[in-house]
Amino acid sequence: MSTVSIQRTQGDDYLAIKAAVDQVMADLGGLEDIIKPGNKVMIKPNLVACPTDRLSGGITRWEVCLAIYEAVQAVGGNPYIAESSAAGADTELTIAKCGYQELRDKGVPVIDLKQKENKKYVMEIENGVVFDKINTWELVRDTDVFITVPVMKTHDQTEITLGMKNMKGLLSDVQKKDFHKKGLIEGVVDWCAALKPALEIVDGTYGQQGLGPIFGETKEMHLIIGSKDLVACEAVTGKIMGYEPEEVMITKSAYARGLGEMNLQAIKVIGCQVEEVASRFKRSSEITIEGIPDSFNLIFSKDACTGCHNTVISALMDMKAQELFPYLEGMNVCVGPCTKEHLPADASPENTVCIGVCCKKLADEMGFRYVVGCPPGNADVVKGILGDRKEYGVRYN
């Protein structure tokens with residue numbers, strides 16, 4: 001039976017965080033069964049982009065990673081913290097602003113994979129559904145044990161983002177973009193099936209709800225959650241957040257491929273029970289965006305998946321931040337398997353864009369602009385809506 005540990009933190013300082021992390025690992029039987037003396041152990045935080053506040057729920061706090069680092073050292077492993085932030089984002093900025101530079105200064109290896117000294121590597125993927133090769137780094141190839149350390153937060157494309165989605169940070173920027181074009185959900189599961197992370201420790205001290213993983217609202221939870229079964233960990237964590245396991249596409253796909261247990265009745269929970277700590281997270285699909293022009297038509301087919309739905313919402317947030325809403329006047333954006341019956345009378349190739357694989361048929365039929373992907377990336381959606389308008393000074397990355 002898979003085991004998940006849920007522990008409350010009894011304070012916000014390092015010793016309190018370390019005590020909760022240590023208790024979770026003890027509940028799971030320690031680290032000796034997954035880490036042998038001399039093993040190279042990668043601790044993979046979520047440093048997707050630099051937040052305004054390191055405790056906003058957007059990134060993994062350094063205290064959790066340091067506690068794991070010290071525990072790995074105690075059993076004879078050789079640990080290091082490694083990450084590459086989102087495509088176009090500066091990992092070094094997050095390291096500098098969010099406490100990880102102080103770890104470096106104390107001798108803890110904190111590796112920005114995007115730095116030139118880290119050599120790229122193409123990894124063969126056996127039995128991949130989407131990919132048979134993935135671009136990563138030699139350090140990833142040479143790692144013996146992966147520990148994924150995500151934040152407890154919602155996501156604009158995958159409902160929630162936890163330890164499996166967190167492994168996407170070990171891809172080159174070009175490969176990250178390719179995941180969005182060729183299939184984010186199954187691509188993430190391909191990657192996790194190849195790397196086989198041995199442990200997930202969720203930083204649930206401060207989570208993020210709503211339009212995560214960057215624009216969300218901070219949600220205080222004061223939890224550390226962990227398991228050696230990533231699927232079980234995410235099924236339980238998602239349940240705490242208000243999601244049934246089958247609602248979360250990555251969890252459901254990983255379970256279907258035999259990567260772990262999704263059935264909550266077949267998972268042993270140690271420490272706090274789910275019902276004691278459960279607190280529903282606002283979903284990204286529930287967010288409304290102020291300031292959109294009245295003449296802008298966002299057309300969702302009833303069969304549009306949450307991936308494309310939430311991506312478009314997030315892309316609109318990107319446009320709002322760049323003050324691009326005036327260029328939405330009179331535009332139609334179609335999402336999901338839309339048909340001609342969904343369109344306003346004035347829809348034309350000049351003012352209508354189709355988003356995602358399911359909408360390609362309509363785009364081909366009507367000659368509309370088309371944004372490829374399942375789901376596509378935010379930058380591709382913004383570019384698709386605006387077209388080739390370089391004079392607007394749009395930042396696509």
Using the rule side-chain contact (heavy atoms from CB on, under 4.5 Å), only one of I81, I68, I59 pairs with P45; which is it?
I81

Step-by-step side-chain contact (heavy atoms from CB on, under 4.5 Å) determination, S84 to L170
CA-CA 6 Å; S84 78; L170 300 182; over 6 Å; no

Are M1 and I267 side-chain neighbours, meaning at least one heavy-atom pair lies under 4.5 Å?
no

Could you go through the side-chain contact (heavy atoms from CB on, under 4.5 Å) check for L223 and T205 one step at a time?
CA-CA 5 Å; L223 299 175; T205 55; over 6 Å; no

Would you check if there is a donor-acceptor pair between the side chains of S172 and N135 at a distance under 3.5 Å?
no

Inspect the surroundings of CD in E323 and state if more than 12 heavy atoms from other residues, nucleotides or ligands are less than 6.0 Å away.
no

Derivation and outcome, side-chain contact (heavy atoms from CB on, under 4.5 Å), residues E200 and L162:
CA-CA 9 Å; E200 177 169 349; L162 295 167; 3.6 Å; yes

Atom pair CD1/OG of I299 and S301 - distance to nearest 0.5 Å:
10.5 Å

Side chains of Q175 and T136: any donor to acceptor distance under 3.5 Å?
no

M164-V149 co-clustered via ILVMFWY side chain contacts under 4.5 Å
no

Output yes when a side-chain donor or acceptor of T154 lies under 3.5 Å from a complementary backbone atom of G210, and no otherwise.
yes

Does I313 belong to the same Ile/Leu/Val/Met/Phe/Trp/Tyr cluster as V371, with side-chain heavy atoms less than 4.5 Å apart forming each link?
yes

For K165, is there an ion pair with E159 - N to carboxylate O distance below 4.0 angstrom?
no

Would you check if there is a donor-acceptor pair between the side chains of N378 and S314 at a distance under 3.5 Å?
yes

For M25 and I201, what are the C-alpha separation, side-chain angles and deciding distance, and is it a side-chain contact (heavy atoms from CB on, under 4.5 Å)?
CA-CA 9 Å; M25 290 188 287; I201 300 290; 4.2 Å; yes

Mind checking ring pair (Phe, Tyr, Trp, His ring centres under 6.0 Å) for Y100 and listing every partner two or more places apart, or none if nothing turns up?
none

Find out if a path of hydrophobic residues (ILVMFWY) with successive side-chain heavy-atom gaps under 4.5 Å connects L139 to I43.
no

Go through the steps for E247 and R283 under the test salt bridge (Lys or Arg N to Asp or Glu O under 4.0 Å), then give the verdict.
CA-CA 12 Å; E247 290 185 90; R283 304 186 180 203; 2.8 Å; yes

What distance do I225 atom CD1 and C272 atom SG have between them, rounded to the nearest 0.5 Å?
9.5 Å

Donor-acceptor contact present, side-chain W62 to main-chain L103, <3.5 Å:
no

Should we say atom CG of D105 is surrounded by more than 12 heavy atoms from elsewhere, each under 6.0 Å from it?
yes

Can you check whether V382 reaches L316 side chain to side chain, under 4.5 Å on heavy atoms?
no

Between the side chains of S279 and K219, is a donor N or O closer than 3.5 angstrom to an acceptor N or O?
yes

Could you give the distance from OG1 (T161) to CD (E234), rounded to the nearest 0.5 Å?
8.0 Å

Does any N or O in the side chain of R8 come within less than 3.5 Å of the main-chain N or O of M221, such that one atom is a donor and the other an acceptor?
no

Is the shortest distance from a Lys or Arg side-chain nitrogen in E290 or K320 to a carboxylate oxygen in the other one below 4.0 Å?
no

Under the ring pair (Phe, Tyr, Trp, His ring centres under 6.0 Å) definition, can you give me all pairs with a residue in residues 218-243, not counting sequence neighbours?
Y206-H222

Working to the nearest 0.5 angstrom, can you tell me the gap between Q101 CD and L93 CG?
11.5 Å

Is it true that the side chains of S227 and D229 contain a donor and an acceptor less than 3.5 Å apart?
no

Donor on one side chain, acceptor on other, D27 and Q23, under 3.5 Å
yes

Output yes when K97 and D90 qualify as a salt bridge under the 4.0 Å nitrogen-oxygen rule, no when they do not.
no

When you compare the side chains of T148 and N166, does any donor N or O come within less than 3.5 Å of an acceptor on the partner?
yes

Just verifying a value: how many Å separate T158 OG1 and I250 CD1, rounded to the nearest 0.5 Å?
4.5 Å

Is a side-chain donor or acceptor of S56 paired with a backbone partner of T218 at a separation under 3.5 angstrom?
no

May I ask you to say whether E83 pairs ionically with K168, meaning some side-chain N is under 4.0 Å from a carboxylate O?
no

Report the residues that fulfil salt bridge (Lys or Arg N to Asp or Glu O under 4.0 Å) with D33, sequence neighbours left out, ordered by chain and then residue number.
K228

Using only atom types and a distance under 3.5 Å, with no angle test, would you say the side chain of D190 pairs donor to acceptor with the backbone of V130?
yes

Taking M42 as the starting point, is it possible to reach W191 by hopping between hydrophobic residues whose side chains are less than 4.5 Å apart?
yes

Would R280 and E286 satisfy salt bridge (Lys or Arg N to Asp or Glu O under 4.0 Å), going step by step from the backbone distance to the final call?
CA-CA 13 Å; R280 187 183 186 279; E286 297 168 352; 2.6 Å; yes

Keeping the roles fixed (side chain from D22, backbone from A19), state whether a donor-acceptor pair exists under 3.5 Å.
no

Does some side-chain heavy atom of L195 sit less than 4.5 Å from a side-chain heavy atom of M167?
yes

Quick check for you: to the nearest 0.5 Å, what is the distance between N263 atom CG and E246 atom CD?
9.5 Å

Does the distance from a Lys or Arg side-chain N to an Asp or Glu carboxylate O, for D112 and R104, drop under 4.0 Å?
no

Hey, is D173 close enough to K177 for a salt bridge, meaning N to O under 4.0 Å?
no

Donor-acceptor check, side chain of T94 to backbone of C50, threshold 3.5 angstrom: yes or no?
yes

Does R369 reach the main-chain N or O of I355 with its side chain, forming a donor-acceptor pair under 3.5 Å?
no

Side chain of K114, backbone of S85: donor and acceptor closer than 3.5 Å?
yes

Take a 6.0 Å sphere around CD of E126 and say whether it holds more than 12 heavy atoms from other residues, nucleotides or ligands.
no

For N46, does its backbone N or O pair with a side-chain atom of T60 as donor and acceptor, under 3.5 Å?
yes

For salt bridge (Lys or Arg N to Asp or Glu O under 4.0 Å), just list the numbers for E138 and K120, CA-CA rounded to whole Å, side-chain angles, deciding distance to a tenth of an Å, and then say yes or no.
CA-CA 6 Å; E138 289 185 355; K120 296 285 182 62; over 6 Å; no

Please answer: with hydrophobic residues joined when any side-chain heavy atoms are less than 4.5 Å apart, are V24 and I34 in the same cluster?
yes

Short N-O contact, K18 and E63, less than 4.0 angstrom
no

Less than 4.0 angstrom from a charged side-chain N to a carboxylate O is my criterion; do E217 and K282 meet it?
yes

Picking from D53, D203, D12, what satisfies salt bridge (charged side-chain N to carboxylate O under 4.0 Å, His left out) with R61?
D12

Ring centres of F179 and F131 under 6.0 Å apart?
yes

